[in-house]
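Please read the structure below before turning to the comments.
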2 protein chains.
Amino acid sequence: MITLNYRDPRPIYEQLKEKLRRMILSGAMAEGEKLPSVRELASQLTINPNTIARAYRELESEGFVYSISGRGSFVGSLNGVDEGRKQQLRAQLLAAATELRQLGEDEQTLISLIKEATPHD
Amino acid sequence: MITLNYRDPRPIYEQLKEKLRRMILSGAMAEGEKLPSVRELASQLTINPNTIARAYRELESEGFVYSISGRGSFVGSLNGVDEGRKQQLRAQLLAAATELRQLGEDEQTLISLIKEATPHD
DNA sequence: ATAAGTGTATTAAGCTACTTAATACACTTA
DNA sequence: TAAGTGTATTAAGTAGCTTAATACACTTAT
């Protein structure tokens, strides 16, 4: 179940993208599985269908989702995820690590965080 | 010298905060050093003084800067940086690392990124 | 004392992005 | 045929960012 946080300053479609991305990446939704339809999810969240459509459209351009007009939207292959997305994440990780180091954080502490990020299969 | 990128979708005051934060953290500006005055920097960047003031105000609330009315704004002590800022950075690092791992990135690759983030004294 | 420079604050206006609303079209499926 | 799908467009309202024009209290140099 997806819920929105209206105190979050980010636009709704960004929150949606992040939640869906996480569900897909965590395996909560399997490859090829059908996502809720634009109108259904809009009704469920009480927001406008255009906003859902935008989130789906952008997730599609990043490779997390593919849509077929008349049929629906579906979870894509993780192999198909845009390389640009990965570069973006590496840059984010490097930036956060750099500032933490400059603030005096120990290298080992950061490595522990990396190990904490390991998916438990 | 600070330059602004008007293609960047982030607000100007956010770009400013990031640039100043980096200069402070990298040691390009020493603790206690005077920052350009609100009006001077505004004139230099051809933007409104209010926008500079907002960046300074928020950096002050995070502990990177302190301001004295009538005197100016100055680089704060890195020990004084808000703990909330560090927690934010740790969360960012963890989120990026988690998604990268789920996208198939190797743990060693991420650890290499951490080591890359080590400041070279 | 005076003048110039400082941070800080307020109000009004314009602009852009986000969001909603109301449709419409072409496609697929039961 | 009817219902459900993604997709697209236009118009309107809202909120945040930015600018502009001031103003005030303080500090520093003259």
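By convention in this document, chain letters (A, B, ...) are assigned in the order of the sequence lines, proteins followed by strands, and residues within each chain are numbered from 1.
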Closest approach of B/A97 to B/L110 (non-hydrogen atoms, all atoms of both residues): O-CD1, 3.8 Å
In whole Å, I'd like the distance from the CD atom of B/Q15 to the C1' atom of D/dC17. 12 Å
Let's see if you get this right: which residues in residues 28-37 of chain A place a heavy atom under 4.0 Å from DNA chain D? A/S37
Between B/L16 and B/I52 the two heavy atoms that sit nearest each other are CD1-CD1, 3.6 Å
Could I get a table of every N or O pair under 3.5 Å where one atom is in the protein and the other is in nucleotides 13-17 of chain C?
none

Under 3.5 Å donor-acceptor, B/E33 side chain and B/A30 backbone: yes
Around atom CZ of A/R85, are there more than 12 heavy atoms of other residues, nucleotides or ligands at under 6.0 Å? yes
Counting only side-chain heavy atoms from C-beta out, which of D/dT19, C/dG7, D/dT7 sits nearest to B/T51? D/dT19
d(CG, A/N48; C1', D/dG6) in whole Å: 15 Å
Can you name the atoms? Protein N/O to nucleotides 25-29 of chain C N/O, anything below 3.5 Å, with the distance.
from	atom 1	to	atom 2	distance (Å)
C/dT29	OP1	A/R71	NE	3.1

Sequence neighbours left out, what passes side chain to side chain contact (heavy atoms under 4.5 Å, CB included) with A/N50? Give chain and number order. A/N48
With sugar-phosphate meaning primed atoms plus P, OP1 and OP2, does B/E14 contact a base, only sugar-phosphate, or nothing at under 4.0 Å between heavy atoms? nothing
Counting side-chain heavy atoms from C-beta on, which of D/dA8, C/dT10, D/dG6 comes nearest to B/N50? C/dT10
Looking at residues at least two apart in the chain, or sitting in another chain, which of them share a side chain to side chain donor-acceptor pair (under 3.5 Å) with B/E105? A/R90
Of the non-hydrogen atoms in B/K86 and A/L100, which two are nearest, and what is the gap between them? O-CD2, 3.9 Å
Using five pairs at each end of the helix from C/dA1-D/dT30 to C/dA30-D/dT1 to define an axis, what is the angle between those two axes, to 10°? 20°
Value in whole Å for how far the P atom of C/dT6 lies from OH of B/Y56: 10 Å
For B/L16 and D/dT19, give me the distance from atom CG to atom P, rounded to whole Å. 10 Å
Closest to the A/I12 side chain, choosing from D/dA8, C/dA9, C/dT19: C/dT19
Return the value, rounded to whole Å, for the distance between atom CD of A/E60 and atom C1' of D/dT5. 14 Å
Whole angstroms only, please: what is the OH-C1' distance between B/Y6 and D/dC17? 12 Å
Tell me the closest heavy-atom pair linking B/L78 and A/Q102, and the distance in Å. CD1-O, 3.8 Å
Any sub-3.5 Å donor-acceptor pair from B/K34's side-chain atoms to B/G72's backbone N or O? no
Side chains of A/E107 and B/T118: do they bring a donor and an acceptor to under 3.5 Å? yes
Output the rounded distance in Å from CD (B/E40) to P (C/dA4). 17 Å
Tell me: CG of B/L41 to C1' of C/dG5, nearest whole Å? 15 Å
Heavy-atom pair of closest approach, residues A/V75 and A/Y66: O-CE2, 3.4 Å
Ignoring hydrogens and angles, tell me if any N or O in the side chain of A/S43 forms a donor-acceptor pair with the backbone of A/R39 under 3.5 Å. no
What's the separation between atom CE in B/M29 and atom CZ in B/F74, rounded to the nearest 0.5 Å? 11.0 Å
A/K17 side chain to A/L59 backbone, donor-acceptor under 3.5 Å: no
